[in-house]
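Take a look at the structure set out below.
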Amino acid sequence: MASKKKQSFLGGAAILASAVAIVKILGAVYKIPFGNIVGAEGQTYFNVAYNIYNVLLTISTAGLPLAISKLTSQAHTQGRENQKRKIFSTAIWLFFALGLAGTLLMYFGAGQLAAFMNEPLGYWPIRALSPAVFCVCLLACMRGYTQGQGNMTPTAVSQVLEALCKLALGLTLAWYFLRLGMGLDIAAAGAILGVTAGTMLSLLYLIFYLLRHRDKKTSLDVPDSGGSLMRQILAIGIPITLSNSAMSIISLVDTKIVLGRLRDISALADSAAELFGQYTFGMNLINLPPSFVFPVTMSLIPFAAAALTRRDHAEAGRIVSSGFRLVAVLAIPAGAGLSVLGGPALMMLYPRRQADALAAGPHMRWLGLACIFICLMNLTNVILQTYGKERIPIYTVITGGVVKVVMNYILVGNPAINIHGAPISTLCCYVVIVVLNLFFVWKYSPEKPRYLQIFVKPVIASTLMGGAAWAVHGFVSRLLSGSRSAYGANALGTMIGIIAGVVVYAVLVVALQILRAEDLKTVPHGAKLAKLLHLR
């Protein structure tokens with residue numbers, strides 16, 4: 001029975017991790033054609049609305065679904081069917097009220113919210129996104145209820161449906177509205193409608209699923225009162241909500257500050273939205289590697305937690321060190337490659353917005369390095385949570401967020417630096433978070449990770465890889481400089497440069513013995529990969 005439960009737990013975690021990885025990848029991929037359609041300015045209008053939505057979303061869904069999941073899991077384990085039903089019927093009204101309040105705030109307060117964000121043209125995107133708050137609140141309740149019963153499939157399917165609808169409908173509407181001659185703010189609202197429609201489709205799926213799989217078991221247990229359950233939900237959910245809201249609120253304030261400081265510079269006031277959008281072009285690209293690294297960090301949780309439960313600190317230490325090596329092997333070369341070839345890559349990915357891509361290129365030198373620290377932040381947060389130190393990542397994220405806000409206020413407000421200060425402050429933010437997290441991981445790990453052994457070889461290999469990629473790209477670009485298509489020459493040079501970098505890095509990983517066979521234990525088909533690479 002214990003083995004069966006463990007398999008069920010690991011299987012559920014794998015399903016959910018796979019779904020989240022797919023959703024993150026689809027979300028990152030979505031931004032590339034979207035940027036080609038609306039350009040840097042239109043992307044700013046989208047981000048203004050989405051940052052407001054994200055704060056309301058985090059406040060209403062960050063901790064409360066976990067509370068429902070925990071209480072439902074307890075009732076499910078005890079066989080209290082009436083208690084489970086009462087938890088859901090109580091919680092659904094709480095989420096209904098929260099979602100309705102958030103939707104009304106965004107819809108009727110769209111003008112005031114857009115003015116607060118220093119971007120009046122964010123009005124229609126904010127309104128277009130308002131119904132999504134209501135839908136997502138109900139979704140969060142239903143997902144928490146099904147997850148509490150150990151069923152991760154409905155959550156996984158609903159998340160993928162939501163992402164696919166956002167991708168297909170959102171891009172189509174943005175393109176169609178522009179074709180009709182409407183403004184970039186309306187096109188951004190069209191893209192946002194894809195998000196709203198995705199949440200509606202996902203909600204309909206979960207309603208249908210719950211009606212079809214309605215639990216009709218009879219039970220004699222007497223459930224707790226609605227008031228008692230409400231207090232339990234709030235007691236568990238509010239602290240988690242407050243902690244998880246920190247970065248969303250900081251991002252919202254940061255966007256307001258950057259746009260405001262750009263408008264304070266009289267020469268740049270009319271182009272503030274375009275400049276901020278060029279910065280987000282780079283952010284779209286650096287969000288891709290963390291999407292691929294995410295499954296690695298998620299796979300740590302069940303294995304490390306199981307080792308700690310057995311009090312096998314040596315095994316937990318080995319798993320943590322393997323996680324560091326895997327993320328280092330993936331994240332450091334990805335960041336180095338983006339830092340070196342990020343500009344040419346943007347030119348290749350945004351053929352319809354070459355001016356915006358060219359202007360965004362210099363940001364990539366800083367953002368590529370920031371990508372490494374974003375991946376390490378995700379990993380170290382998971383490790384600290386696995387060690388039972390859930391509050392530490394909250395404090396480190398807040399510290400890094402404050403650094404980002406202060407630096408943006410100072411740097412972006414300097415006319416000589418302006419928007420170029422945004423990627424610098426982003427890098428500094430994640431460096432601060434990771435340095436603090438690494439210290440606390442070392443402090444609380446029974447088996448101290450050896451950071452020098454873990455990071456030195458990947459840094460050396462990634463530096464050589466970056467140099468090779470840069471040299472090959474430069475050589476091919478110069479060779480094709482006289483060709484008719486400047487875009488084609490850059491694209492071919494970028495692709496060949498990436499391939500050269502990958503080959504050089506793969507050879508160095510094996511030659512320097514950066515990975516070990518045990519590092520691939522938690523990775524699907526890891527044993528075969530270890531054998532193929534002759535790892536010991």
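Heavy atoms only: backbone and side chains are in, while hydrogens, waters and symmetry mates are out. Keep in mind the model is a prediction, meaning the values are calculated, not measured.
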Point to revise | Between CZ on residue Arg127 and CD1 on residue Ile192, distance to nearest 0.5 Å | key: 14.5 Å

Check your understanding: Got a second to check how far Leu121's CG is from Leu184's CG, nearest 0.5 Å?
Key -> 9.0 Å

Review point. Hey, are the side chains of Ile433 and Cys429 touching, using non-hydrogen atoms and a 4.5 Å cut-off?
Key: yes

Exercise for review: Give the minimum heavy-atom separation between Ala461 and Leu512, together with the two atoms involved.
Suggested key: CB-CD1, 4.3 Å

**Study point:** Main-chain N/O of Ala40 paired to Asp356 side chain as donor or acceptor, under 3.5 Å
**Key:** yes

Practice item. For the pair Tyr451 and Phe324, evaluate ring-ring contact (aromatic ring centres under 6.0 Å, His included) and give the outcome as yes or no after the intermediate values. Key: CA-CA 9 Å; Tyr451 292 137; Phe324 270 120; 5.7 Å; yes

Study note, to complete from the structure: dist Thr44:OG1 -> Phe276:CZ (nearest 0.5 Å) comes out at 6.0 Å

Review point. Does the side chain of Val48 come within less than 4.5 Å of Leu259's, by heavy atoms?
Key: yes

Practice item. List the steps, then state whether side chain to side chain contact (heavy atoms under 4.5 Å, CB included) holds for Met348 with Met495. Key: CA-CA 9 Å; Met348 178 180 69; Met495 292 302 299; 3.8 Å; yes

Review point. Does some side-chain heavy atom of Thr426 sit less than 4.5 Å from a side-chain heavy atom of Tyr279?
Key: yes

Revision key, fill the gap. Smallest heavy-atom separation, Ala331 atom then Ile372 atom, equals O-CG1, 3.5 Å

Practice item. Using modelled atom types only, decide if a donor and an acceptor are shared between the side chain of Arg263 and the backbone of Ala269 within a distance under 3.5 Å. Key: yes

Review point. Tell me, do Tyr444 and Ile392 make a side-chain contact under 4.5 Å, heavy atoms counted?
Key: yes

Exercise for review: Take Leu171 and Trp175 through the side chain to side chain contact (heavy atoms under 4.5 Å, CB included) test and state the conclusion after the steps.
Suggested key: CA-CA 6 Å; Leu171 294 177; Trp175 171 82; over 6 Å; no

Check your understanding: Mind checking whether Lys31 and Thr280 have side chains closer than 4.5 Å, heavy atoms only?
Key -> no

Exercise for review: State the CG-SG distance between Leu326 and Cys375, to the nearest 0.5 angstrom.
Suggested key: 12.5 Å

Exercise for review: Would you kindly check if the NZ (Lys) or CZ (Arg) of Lys166 is within the cone defined by 45 degrees around the ring axis of Tyr30 and under 6.0 Å from the six-membered ring centre?
Suggested key: yes

Practice item. State whether the side chain of Asn36 and the backbone N or O of Ile32 hold a donor-acceptor pair below 3.5 Å, judged by distance alone. Key: yes

Check your understanding: Can Ser251 and Asn51 be counted as having a side-chain donor-acceptor contact under 3.5 angstrom?
Key -> no

Exercise for review: Without swapping roles, check the side chain of Ser339 against the backbone of Gly335 for a donor-acceptor pair under 3.5 Å.
Suggested key: no

Point to revise | Any pair counted as salt bridge (charged side-chain N to carboxylate O under 4.0 Å, His left out), so long as it reaches residues 396-419, sequence neighbours left out | key: Asp254-Lys404

Review point. At what distance, to the nearest 0.5 angstrom, does OG1 of Thr199 lie from OH of Tyr53?
Key: 6.0 Å

Check your understanding: What are the two closest non-hydrogen atoms of Leu346 and Ala357, and how far apart are they?
Key -> O-CB, 3.5 Å

Review point. Sequence neighbours excluded, which residues qualify as salt bridge (Lys or Arg N to Asp or Glu O under 4.0 Å) partners of Arg353?
Key: none

Check your understanding: Counting only N and O atoms by type, is there a donor-acceptor contact under 3.5 Å from the side chain of Tyr505 to the main-chain atoms of Val329?
Key -> yes

Check your understanding: Taking the side chain from Gln43 and the backbone from Gln278, do they hold a donor-acceptor pair closer than 3.5 Å?
Key -> no

Review point. Looking only at heavy atoms, what is the nearest atom pair of Ser425 and Met407, with distance?
Key: CB-CB, 3.7 Å

Check your understanding: Can you check whether Asn47 reaches Thr255 side chain to side chain, under 4.5 Å on heavy atoms?
Key -> no

Study note, to complete from the structure: Smallest heavy-atom separation, Pro415 atom then Ile265 atom, equals CA-CD1, 3.8 Å

**Study point:** More than 12 heavy atoms of other groups within 6.0 Å of Phe475 CZ
**Key:** no

Point to revise | Sub-4.5 Å side-chain heavy-atom contact between Tyr387 and Pro446 | key: yes

Practice item. Would you check if the side chain of Gln354 reaches a backbone N or O of Tyr350 as a donor-acceptor pair within less than 3.5 Å? Key: yes

Practice item. Looking only at non-hydrogen atoms, find the nearest pair between Asn381 and Pro393 and report the distance. Key: OD1-CB, 3.3 Å

Review point. Is any side-chain heavy atom of Val133 closer than 4.5 Å to a side-chain heavy atom of Leu57?
Key: no

Check your understanding: Where the side chain of Ser477 meets the backbone of Gly474, is there a donor-acceptor pair that is under 3.5 Å apart?
Key -> no

Exercise for review: Count the heavy atoms belonging to other residues, nucleotides or ligands that lie under 6.0 Å from CZ of Phe455, then report whether that count exceeds 12.
Suggested key: yes

Review point. Do Lys457 and Val509 pass the side chain to side chain contact (heavy atoms under 4.5 Å, CB included) test, and can you show the C-alpha distance, the side-chain angles, and the key distance before you say yes or no?
Key: CA-CA 8 Å; Lys457 287 183 179 179; Val509 166; over 6 Å; no

Exercise for review: Any chance you could lay out the side chain to side chain contact (heavy atoms under 4.5 Å, CB included) test for Leu252 and Asn54, step after step, and finish with the verdict?
Suggested key: CA-CA 9 Å; Leu252 182 72; Asn54 204 35; over 6 Å; no

Practice item. With rounding to the nearest 0.5 Å, note down the distance linking CG in Leu367 to CD1 in Ile286. Key: 4.5 Å

